Amino acid sequence: DIILKARKLTKFYQMGEVRVEALKGVDFDIYAGEFVVVLGPSGSGKSTMLNLIGGMDTASSGEIYFKDRPLHGAPEKVLTEYRRNAVGFVFQFYNLMPNLTAYENVMLSVEIAKNPLKAEDVLEQVGLADRTDRFPAQMSGGEQQRVAIARAVAKNPEILLCDEPTGALDSSTGIQVLKVLRDFNRRYKKTVIIITHNAAIAQMADRVFYLRDGRVNRIEKVANPVAPE
Ligand code: ADP
Ligand code: ADP
């Protein structure tokens with residue numbers, strides 16, 4: 001089943017006289033349960049694509065659907081509902097609440113979700129059963145990112161949308177975090193989309209979308225996705 005579909009998707013930014021074409025007509029289908037990496041250099045349109053997929057911004061033209069529901073031209077109310085229930089967000093810098101424990105950070109998303117998972121279960125699955133009462137400042141970067149993943153997963157979203165999730169981590173810690181994302185993908189059969197400039201992440205995806213200068217110029221199927229060593 002197709003969970004996200006884009007057709008001739010464009011995004012322009014008008015800066016005075018200058019029009020920047022950040023996305024120049026992007027087409028893709030993403031299937032439910034897929035692990036997709038969107039790979040592109042700085043300025044290729046990654047953040048713009050993330051914002052359209054995540055319902056944080058609207059397209060200039062073209063179409064984008066979540067399970068046949070149009071996000072293009074959708075009212076803010078629909079987009080808010082989509083962000084709140086359908087998408088879990090993981091960011092480069094974790095975005096945890098510093099004055100709340102790991103458990104309380106996860107409960108923040110459990111409390112607003114329609115059909116949440118149990119915070120304790122998800123914290124255990126990311127390997128933090130013994131860290132639930134720690135505050136972010138008492139945890140390593142990798143642990144903080146695993147709390148952030150637990151928070152995103154706990155609301156039981158259909159899509160986990162990750163923006164440079166290993167960008168602030170050293171490579172071995174980054175690999176642990178990627179394994180947690182892959183485990184989530186395989187365990188719950190939920191769609192994971194990682195947006196990154198880091199080509200090493202591509203080998204664990206089912207498919208890789210290569211973004212260049214506002215276009216998806218190649219889509220590659222990975223024969224045997226493996227977590228990096
Ligand atoms: P990436 O995330 O791959 O670095 P972006 O989506 O941020 O790419 O940017 C794509 C292009 O759009 C770049 O040329 C960037 O300068 C431009 N751009 C991004 N956001 C804005 C904005 N809010 N206003 C004007 N130009 C923008
Ligand atoms: P609320 O109305 O509860 O503040 P929002 O509609 O602003 O919720 O956001 C819903 C969800 O979407 C939040 O859980 C948040 O993580 C995510 N979100 C909102 N805005 C952004 C953004 N600009 N970038 C990334 N994620 C966002």
Side-chain angles (χ1 to χ4, degrees), residues 3-30 34-66 70-76 78-80 82-83 86-95 141 144-145 148-149 152 157 159-171 174 177-178 181 191-222 228:
I3 193 163
L4 277 172
K5 175 166 103 176
R7 292 293 181 268
K8 298 192 171 121
L9 195 64
T10 76
K11 182 69 186 180
F12 304 139
Y13 299 105
Q14 194 71 39
M15 302 175 64
E17 303 281 278
V18 181
R19 193 165 88 147
V20 179
E21 303 189 1
L23 285 185
K24 300 176 181 174
V26 165
D27 295 283
F28 59 76
D29 294 322
I30 294 178
E34 260 197 307
F35 197 124
V36 169
V37 168
V38 178
L39 187 62
S42 177
S44 60
K46 294 190 301 298
S47 306
T48 303
M49 193 153 144
L50 177 94
N51 289 338
L52 295 182
I53 291 175
M56 278 91 72
D57 204 353
T58 49
S60 301
S61 69
E63 298 165 9
I64 179 164
Y65 300 89
F66 167 71
L71 301 178
H72 54 281
E76 187 50 40
V78 169
L79 294 177
T80 300
Y82 169 71
R83 288 194 301 269
V87 189
F89 295 92
V90 176
F91 307 98
Q92 179 171 3
F93 296 109
Y94 330 130
N95 291 23
Q144 290 181 63
Q145 189 61 301
I149 293 168
I159 299 169
L160 198 59
L161 186 55
C162 312
D163 184 11
E164 298 287 2
T166 63
L169 304 172
D170 66 56
S171 65
V177 163
L178 292 172
L181 291 172
T191 310
V192 174
I193 303 172
I194 298 184
I195 302 217
T196 184
H197 66 270
N198 180 1
I201 294 179
Q203 62 179 306
M204 66 188 311
D206 295 315
R207 286 192 302 156
V208 187
F209 294 6
Y210 291 89
L211 195 58
R212 288 286 181 285
D213 194 25
R215 292 195 167 87
V216 174
N217 67 1
R218 190 155 64 98
I219 295 180
E220 195 175 276
K221 201 164 165 41
V222 180

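Computed from a predicted model, the values in this text were never measured in an experiment. Numbering starts at 1 and runs along the sequence shown. Note that ligands are numbered from 1 as they come in the structure, with each ligand's atoms numbered from 1 the same way.
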Exercise. Should the ring pair F209 and F28 be called parallel, tilted or perpendicular, given that the plane angle runs from 0 to 90° and is split at 30 and 60?
Worked result: tilted
For this session: Decide yes or no on side-chain contact (heavy atoms from CB on, under 4.5 Å) for D57 and T48, but give the supporting numbers first.
Result: CA-CA 8 Å; D57 204 353; T48 303; over 6 Å; no
For this session: Do me a favour and list the nearest non-hydrogen protein atom to atom 6 (O) of ligand 1 with residue, atom name and distance?
Result: T48 OG1, 2.6 Å
Problem set entry | Distance filter under 4.0 Å to P41 heavy atoms, resulting ligand 1 atoms | 3 (O)
For this session: With atom 14 (O) of ligand 1 as the reference point, say which of D57, V18, V20 has the nearest heavy atom.
Result: V20
Seminar exercise, completed: shortest atom 8 (O) of ligand 1-to-protein heavy-atom contact is with G45 N, 3.1 Å
Exercise. Taking atom CG of L50 and atom CD1 of I195, what is their separation to the nearest 0.5 Å?
Worked result: 4.5 Å
For this session: Mark up the atoms of ligand 1 that fall under 4.0 Å of a heavy atom belonging to G43, in ascending order.
Result: 1 (P), 3 (O), 4 (O), 8 (O), 10 (C), 11 (C), 13 (C)
For this session: May I ask you to identify the nearest protein heavy atom to atom 26 (N) of ligand 1, giving residue, atom name and distance to one decimal place in Å?
Result: Y13 CD1, 3.5 Å
Exercise. Is it true that K221 and E34 make a salt bridge, defined as a side-chain N closer than 4.0 Å to a carboxylate O?
Worked result: no
Problem set entry | Criterion salt bridge (charged side-chain N to carboxylate O under 4.0 Å, His left out) on R215 and D27, from CA distance to verdict | CA-CA 9 Å; R215 292 195 167 87; D27 295 283; over 6 Å; no
Exercise. Which ligand 1 atoms, with their elements, are less than 4.0 angstrom from a heavy-atom of S47?
Worked result: 1 (P), 2 (O), 6 (O), 7 (O)
Problem set entry | Distance from atom 12 (O) of ligand 1 to nearest protein heavy atom, with residue and atom | A22 CB, 3.4 Å
Exercise. Which is it for M15 and ligand 1 at heavy atoms under 4.0 Å: side chain, backbone, both or neither?
Worked result: side chain
Exercise. In this structure, are over 12 heavy atoms from other groups packed under 6.0 Å from H72 atom NE2?
Worked result: yes
For this session: Write down the atom of L52, the atom of T58, and the distance for their closest heavy-atom approach.
Result: CD2-C, 3.4 Å
For this session: Flag atom 16 (O) of ligand 1 as yes if some protein heavy-atom distance to it falls below 4.0 Å, otherwise no.
Result: no
Exercise. Looking just at side-chain N and O atoms, do T10 and S61 make a donor-acceptor pair shorter than 3.5 Å?
Worked result: yes
Problem set entry | contact_flag G40 ligand 1 heavy-atom lt 4.0 Å | no
